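Computed from heavy atoms alone, side chains included, the values below leave out hydrogens, waters and symmetry copies. Here is how names work: the chains are called A, B, and so on, in the same order as the sequence lines, proteins then strands, and each is numbered from 1. Keep in mind the model is a prediction, meaning the values are calculated, not measured.
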Amino acid sequence: MKAQTKKIQLVWGLLLGIIFGFLLQKSGVTKYDVIIGQLLLTDFTVLKVMLSAVVTGMLGLHLMQNLGWIKLRPKAGSWGKNAVGGLIFGLGFAILGYCPGTIAGAMGNGYLDAITGGFIGIVLGSGLLAAVYPSLNAGILKKGYFGDLTLPRFARVNEWIVIIPLSIVLTLLLFWLETAGL
Amino acid sequence: MDWLTAVQWSPYAAGIGIGILSWFTWLISSKPIGCSTSFARTAGMIEKLFRGKKVEGKLYYREVKPEIDWQWMFVLGIIGGALVSSLLSGDFGWQWIPGKWEMAFGNNMWLRFFAALSGGTLLGFGARWAGGCTSGHGISGTMQLAVSSWVSAICFFIGGIAMAHIIFNVIA
């Protein structure tokens, strides 16, 4: 029974992934030019897609958690892990012009730089991290550890005190981008 | 059914769609949308082909098992979904050199190949260092209000914006 549940979940993963890939491709973010345009601050498609997804997802997920339907799992982290790793990621992001999700979309779109060098590179980089992981894990990954802290727990307030204003601010930011013609 | 064959949707429509999709990944599979762990699993599976079972004993692969899981199938699905979308709209096409790259660096295939390879290596290394990517931290983690994810997502863009300006305004 358990093995069957696992197989069914693999099928769900595939089906939900197909929808994600479809949405990514329709949004334009499977394209190098769109991602580089965002990083050069000339095309804000990536930010528009991400922020509208975050606002929609945030409202729904926390409501569903309040109803007891799901249990969220915020990732634990530290400054050494998330700030340093995030900056390394950013350098690669600009050189490659895709990220791990959008490169899968770019592969489906027929982009050969993604299918060859980009894909091989991400797998290689992941393998390299696995090789040096024991020494990083004993040192820098623990620097400035804050665990699975969330913004509401950091501010010691009810989560909706963060969610409602944040949703409004992010929505206003999107309106501002539109009125600024970006 | 024009929306199925449209080349590009409003970014807000696609973004809201991704947000709603995240409700269902949690409801159906109790999983956040994420991608980069699957590249680490793939690296482990390839290493296993060459070095055998002992790869599973490495500290990293004890935490991230080199096997096909929900997210690995999800990433496979992304390729399929993007393929269907681009075929429906006629946007599919084999392309080596993206337009903005060609304008700055010309159409040498090998230059673009090695840039993608080195950029991909940094990206994969950084994603696993930070424990997530633009999907896992940038979308799924920020919507859970995780501090780790907000820090990561902001640093993705600080590093990316700085490097893109160096590439296109200093080097090119």
Based on non-hydrogen pairs under 4.5 Å, which of [options] is most in contact with chain B?
options	value
L141(A), T56(A), L15(A), L136(A)	T56(A)
G118(A), A76(A), G127(A), G37(A)	G118(A)
I103(A), T116(A), I115(A)	T116(A)
L23(A), N82(A), I18(A)	N82(A)
A114(A), S126(A), G80(A)	S126(A)
I70(A), L72(A), V162(A)	L72(A)

Between [X] and chain B, with a heavy-atom cut-off of 4.5 Å, which part of the residue counts as in contact: side chain, backbone, both or neither?
X	value
K31(A)	side chain
D148(A)	neither
A106(A)	neither
F20(A)	both
V55(A)	neither
L149(A)	both
L59(A)	neither
I140(A)	side chain
L51(A)	neither
L63(A)	neither
V11(A)	neither
I120(A)	both
R153(A)	neither

Worksheet item: Looking at side-chain heavy atoms only, is the closest gap between V132(A) and Y60(B) below 4.5 Å?
Response: no
Beyond-backbone contact of W26(B) with Q65(A), side-chain heavy atoms, under 4.5 angstrom: no
Max heavy-atom pairs within cutoff under 4.5 Å with chain A, candidates W70(B), W3(B), Y61(B), F24(B), goes to W70(B)
Highest number of heavy-atom pairs under 4.5 Å with chain A among S152(B), G119(B), G132(B), S85(B) belongs to S85(B)
Filtered by a 4.5 Å non-hydrogen cutoff, the part of residues 91-98 of chain A contacting chain B is L91(A), G92(A), F93(A), A94(A), I95(A), L96(A), Y98(A)
Show your reasoning for whether side-chain hydrogen bond (donor to acceptor under 3.5 Å, both in side chains) applies to Q95(B) and Y32(A). CA-CA 11 Å; Q95(B) 181 203 75; Y32(A) 173 94; over 6 Å; no
Test item: [X] side-chain N/O and [Y] main-chain N/O as donor-acceptor pair under 3.5 Å:
X	Y	value
K26(A)	L4(B)	yes
D113(A)	F113(B)	no
Q8(B)	S27(A)	yes
Q25(A)	L83(B)	no

By residue number, those in residues 49-59 of chain B with heavy atoms under 4.5 Å from heavy atoms of chain A are K58(B), L59(B)
Heavy-atom nearest pair, L145(B) first then P152(A), reads CD1-CG, 3.7 Å
Sorted by chain and residue number, the salt bridge (charged side-chain N to carboxylate O under 4.0 Å, His left out) partners of K75(A) (sequence neighbours excluded) come out as none
Taken in chain and number order and not counting sequence neighbours, the residues that satisfy salt bridge (charged side-chain N to carboxylate O under 4.0 Å, His left out) with D69(B) are R41(B)
Okay, Q71(B) and chain A: the region with an atom under 4.5 Å from a heavy atom over there is neither
